[in-house]
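Report on the following structure.
These values consider heavy atoms only, across backbone and side chains, with no hydrogens, waters or symmetry-generated copies. Below, chains carry the letters A, B, ... as their sequence lines are ordered, and counting in each starts from 1.
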Amino acid sequence: MSTITTAQFKKGMFIEFKDVPHLITDMQFVNPGKGSAFVRTKLRSLKTGKVQEFTFKSGESAEELPINTREMQYLYKESDSYVFMDNFSYEQYNISEGLLEGFIKYLKPNDAYQVLVYGEEAVGIRFPKKVWLKVTEAEEGAKGNTASGATKTVVVETGAVITVPLFIKFGDVIGIDPETGTYLERG
Amino acid sequence: MKTWQMLNKNPQLWQRYFIREKVITAIRTFFFNRQFHEVETPLLIARPPAESYLDIFETTLLDRNRKPTKAYLSTSPEVPLKKLIVAGLGNCYALTKSFRNMETQSTLHNPEFTILEWYRVGADYRDIMEDCEELLVFINTYLKRTTPGEETKHPEELVYQDHHVNLASPWERLTIVEAFAKWAHIDFDNFLREPTARHIARKKGYSVEKKTTWEELYNQIFLNEIEPHLGKSRPTILYEFPGVMGALAKKKSSDLRFAERFEFYIEGLELGDCYSELTDWKEQKERFENELKEIKRLGKTMYDYDHNFIDALKIGLPACSGIAVGVDRLVMLFANAARIQDTLLFPADELFQ
């Protein structure tokens, strides 16, 4: 553990808050009228998966938690958690639904992910910059519509709905930014 | 991707950005109908008012015949407007740009922003509350009338981020004392005493260190426990602030611990900050000097305050009240935008990426 101040806070960092490990899922500065600066955060409890807002005084300190990443393979869904396997030890870990945030719709069985581990518990995954997924439902782009920037929506193999350019067809493999859900390129 | 590139890809997005021109037209019509003068105030100034909680943009004015002079970007049109009121202008407003440094990494701030300030002569903060109620309904009505498909909708209602808001007057009015009692279960009379405030904050689990100030504890409790409840389904006017906040506000005559000041909130957006203006030049001078000491203590950019403003107060500022409204936040509200950046064609975080 190391002590940091709000100046070092970043989205995706893990801190101890009220004796419970939390993930910072969002942060921004607030300046109340006629007041000093504050840092408003959204914190996800690693115990309950619940998100709460808390506003820190600018410069306030907190304990940053040591989180390791391990490469694991995603296996299957089990009630409201997701089962991953460590590729070296073959040990299995469950990650609860709340801790996977918006990534669930991009999870593909047998693919490898960087899993975040705190102590002996898997507490989330590090979002890859890009995920490659196959288009499984797509309508033909309207003929003659060559206006630059025209778009349509398609469904990919994991069920996510993505807005893409008209030239994307059924069976294409496309790159998506999982952070924003935006189409990046065709494979 | 920059905003102009997104607009190029998705032309439907233009509709959100067109709300701004309508809001601005409505504001100007509202004040024209009430015979307020619109004036232009300088953006580049020599002496700002001393306000320790703001960070100022500093630049240099070059002149061939004299030494370079420090110059600053205006943080609000307040001081020039008050000078013009001293000069005899009467009811007036400015719809202009202001600049505040360090206001990045926030969905509610842009370092360059559009501000509306209006002043009523012979009025106090209660009159401005009524202006706010009328202005918001006026803008909303104008938007509904000029948007195809919205003409028949109720002129006092709007939807912001999936929440219905009714703008009909009177809005909810809560004093700071009432708000602290209602939402934070704090007796504000006790909280005004610093040692008690520190004790209360510590008991609530906030970190209280030696260097922690009363203002920090006040605002931290306000931001965590009170602000999230304000302006839900109808606007909230929060009024009578602790006197220590507001370098240019008049104290309440019946209780000097409080200032005649209010803010109004809609769905968590703080939209405006009003006070009955301080007209006593001696007190104003003393407050500016205290603010300068605070600026020095905080290690912020140092400057000298506008002494010419004190001269204006010596001649006599008539009793008046004024308010600053964040126009970009108003546009957020009416355009149903979650972030201030979504109302700006060139938000600062794109320019300085």
What do the steps show when you test B:Leu223 against A:Arg40 for side-chain contact (heavy atoms from CB on, under 4.5 Å), and what is the final call? CA-CA 9 Å; B:Leu223 291 168; A:Arg40 178 162 277 170; 3.6 Å; yes
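- Between the side chain of A:Gln28 and the backbone N or O of B:Thr107, at least one donor-acceptor pair lies under 3.5 Å.
- More than 12 heavy atoms of other shown residues, nucleotides or ligands fall within 6.0 angstrom of atom NZ in B:Lys2.
- Scanning residues 59-85 of chain A against chain B with a 4.5 Å heavy-atom cutoff picks out A:Gly59, A:Glu60, ordered by number.
- By the 6.0 Å contact criterion, NZ on A:Lys50 is open, its count of non-hydrogen atoms from other residues, nucleotides or ligands being 12 or less.
- Other residues, nucleotides and ligands contribute at most 12 non-hydrogen atoms within 6.0 Å of the CZ atom of B:Phe352.
- At most 12 heavy atoms of other shown residues, nucleotides or ligands fall within 6.0 angstrom of atom CD in A:Glu121.
- Counting non-hydrogen atoms of neighbouring residues, nucleotides and ligands closer than 6.0 angstrom, the CZ atom of A:Arg126 reaches no more than 12 such neighbours.
- The minimum heavy-atom distance between B:Gln220 and A:Phe56, with the atom names listed, is NE2-CA, 3.6 Å.
- For the pair A:Lys57 and B:Glu209, the salt-bridge criterion is not met [side-chain N within less than 4.0 Å of a carboxylate O].
- The number of heavy atoms from other shown groups lying within 6.0 Å of NZ (A:Lys42) does not exceed 12.
- Interface residue B:Thr104: only backbone heavy atoms are found under 4.5 Å from chain A.
- Residue with the most contacts toward chain A among B:Glu215, B:Glu227, B:Arg100: B:Glu215 (heavy-atom pairs, distance under 4.5 Å).
- Contact annotation for A:Phe29: both backbone and side-chain heavy atoms come within less than 4.5 Å of a heavy atom of chain B.
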